[in-house]
Amino acid sequence: MENKKSFMTFMIVVIILSVIIEALICLGFPSWLYAVLMWIPTISAVIANKGRIKCFRRCKLKYIIFSLLLPFTYIGIPYLIVWKVFPDTFINQGSILYVLIAITLGTVISMLTALGEEIGWRGYMFTTLNKEYGLNKALIVTSLFWCVWHLPLLIWGSYMNTTPIWYRIPAFILCIFPLGIVEGLLTLKSNSIWPAAILHATHNNYDQVLFGKLTNGEKVGYFVSETGFLTIIFIWFIAVFLYLDVIKENKNEKNI
């Protein structure tokens, strides 16, 4: 692999630092450590490349808009379905202002941490693997590693703890793995880290701040959020659609 030493340095640093921070979180240390954890991929990439990170390229506006709106489908629609089928799960905040603030300010705040992950995962890890091993392996390895990176928080922490662990782990992987594929494909198509970072930010914000705060119920974790089977169905549909679109584009380019 070209720059094999740098990539190995990235992997070693990201694993060691992540283990330390995730252990502290699981032991009950302050929640602000989550923000530190989400910047570890970027810190690791900077260390591995001696400060040379080239992923902040401009991209077409359509990718930005797409990243802002996409979570409304695979995050929002499942919540709307649950509210319709189980009306008692909807919490009426009584204010459109809350929704507007959650969508706008919430996304900006979420971007401050989501960017920390995406510079490392998609900006460096995915891009490096794609150049060396091709698209399929890059998508699989990056997305799978991203899933595993979350597992300590799901097993020993309080992350996504609305469902039992026997369900939570496989459901989370089935949800986050295709999301990683979508973010990798957006990075490839746009040639920029911004769409993936914005999608990550809006995903977290819409799920945890917007729709999540408007929903209550012991069993909703089985239907919505990052463990809900409805979310899983929608995000896999999007991932497959985008993947086939990229493959089609690549074939057309080869035929030109």
Side-chain angles (χ1 to χ4, degrees), residues 64-96 98-107 109-111 113-114 117-118 139 143-144 146-147 150-151 153-154 157-186 195-245:
I64 302 299
I65 297 174
F66 183 76
S67 298
L68 287 169
L69 297 180
L70 187 60
F72 274 114
T73 60
Y74 71 85
I75 292 289
I77 294 177
Y79 274 100
L80 293 175
I81 293 174
V82 168
W83 294 345
K84 183 68 175 179
V85 178
F86 307 104
D88 292 341
T89 61
F90 177 68
I91 302 173
N92 187 0
Q93 293 285 349
S95 176
I96 297 178
Y98 169 80
V99 175
L100 294 176
I101 292 176
I103 292 175
T104 54
L105 182 60
T107 298
I109 294 174
S110 182
M111 186 71 175
T113 51
E117 283 196 48
E118 292 309 320
L139 289 173
S143 300
L144 186 59
W146 192 34
C147 292
H150 286 87
L151 291 187
L153 301 179
L154 273 83
S158 58
Y159 189 60
M160 293 290 140
N161 61 355
T162 58
T163 56
I165 194 168
W166 62 264
Y167 172 84
R168 185 190 319 157
I169 300 301
F172 179 84
I173 293 174
L174 285 172
C175 179
I176 297 303
F177 184 84
L179 179 60
I181 291 176
V182 171
E183 294 188 351
L185 292 173
L186 282 176
I198 292 172
L199 176 59
H200 193 152
T202 50
H203 169 98
N204 289 347
N205 181 49
Y206 295 166
D207 182 36
Q208 300 169 17
V209 178
L210 178 56
F211 294 105
K213 295 295 183 181
L214 297 174
T215 309
N216 187 33
E218 295 182 358
K219 305 297 183 182
V220 294
Y222 291 100
F223 301 96
V224 297
S225 191
E226 294 176 349
T227 56
F229 76 89
L230 291 174
T231 310
I232 293 170
I233 292 172
F234 276 92
I235 190 61
W236 268 106
F237 177 82
I238 294 169
V240 171
F241 178 83
L242 282 180
Y243 177 77
L244 293 177
D245 182 61

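Since the structure is predicted, the reported quantities are computational estimates derived from the model, not experimental observations.
Separation of atoms OG (Ser225) and CD1 (Ile232) is listed at 10.5 Å; rounding is to 0.5 Å. Rounding to the nearest 0.5 angstrom, the gap separating the CD1 atom in Ile181 from the OG atom in Ser143 is 5.0 Å. Leu153 CG to Met160 CE: the interatomic distance, rounded to the nearest 0.5 Å, is 11.0 Å. How far CG of Leu174 is from OG1 of Thr227: 11.0 Å, rounded to the nearest 0.5 Å. Distance CG/Leu151 to CZ/Phe172: 7.0 Å, rounded to 0.5 Å. Atom CD1 of residue Ile235 and atom CD1 of residue Ile176 lie 8.5 Å apart, to the nearest 0.5 angstrom.
Here Glu117 pairs with nothing under the salt bridge (Lys or Arg N to Asp or Glu O under 4.0 Å) rule; sequence neighbours left out. Taking Thr163 as the reference, nothing meets the side chain to side chain donor-acceptor pair (under 3.5 Å) condition, with sequence neighbours excluded. Qualifying side chain to side chain contact (heavy atoms under 4.5 Å, CB included) partners for Ile103, counting only residues two or more places apart in sequence or in other chains: Phe72, Val99, Tyr206, Leu210. With sequence neighbours excluded, the residues satisfying side chain to side chain contact (heavy atoms under 4.5 Å, CB included) with Ser158 are Tyr34, Asn161. Shown here are the ring pair (Phe, Tyr, Trp, His ring centres under 6.0 Å) partners of Tyr167, two or more places apart in sequence or in another chain: Tyr222. Checked against side chain to side chain contact (heavy atoms under 4.5 Å, CB included), Leu242 has the following partners two or more places apart in sequence or in another chain: Phe66, Val182, Leu185, Ile238. Partners of Ile101 according to the side chain to side chain contact (heavy atoms under 4.5 Å, CB included) rule, which considers only residues two or more places apart in sequence or in another chain, are Leu97, Leu105.
When all heavy atoms of Ala239 and Pro178 are compared, the closest pair comes out as CB-O, 3.7 Å. Here the shortest heavy-atom pairing between Thr104 and Leu100 reads OG1-O, 2.8 Å. The two atoms that bring Ala114 and Ala197 nearest to each other are CB-O, 3.8 Å, heavy atoms only.
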Using distance only, find each side-chain donor-acceptor pair of residues 77-87 under 3.5 Å and give its atom names and separation, not counting sequence neighbours.
unit_1, atom_1, unit_2, atom_2, d
Tyr79, OH, Asp207, OD1, 2.8
Trp83, NE1, Thr215, OG1, 2.9

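Legend: salt bridge (charged side-chain N to carboxylate O under 4.0 Å, His left out) pairs involving residues 165-183, not counting sequence neighbours, sorted by first then second residue: Arg122-Glu183. The stretch residues 67-78 participates, sequence neighbours left out, in these side chain to side chain donor-acceptor pair (under 3.5 Å) pairs: Tyr74-His203.
Between Leu139 and Tyr243, the closest side-chain pair of non-hydrogen atoms falls below 4.5 Å. Side chains of Pro71 and Leu199 form a contact here, defined as non-hydrogen atoms less than 4.5 Å apart. The closest side-chain heavy-atom distance from Glu226 to Asn204 is below 4.5 Å.
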Query - Leu154 and Ile165: CA distance, side-chain angles, deciding distance, side-chain contact (heavy atoms from CB on, under 4.5 Å) verdict - result: CA-CA 8 Å; Leu154 273 83; Ile165 194 168; over 6 Å; no
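Screening Thr202, Ile198, Asn205, Val209 for a side chain to side chain contact (heavy atoms under 4.5 Å, CB included) involving Ser110 leaves a single residue, Asn205.
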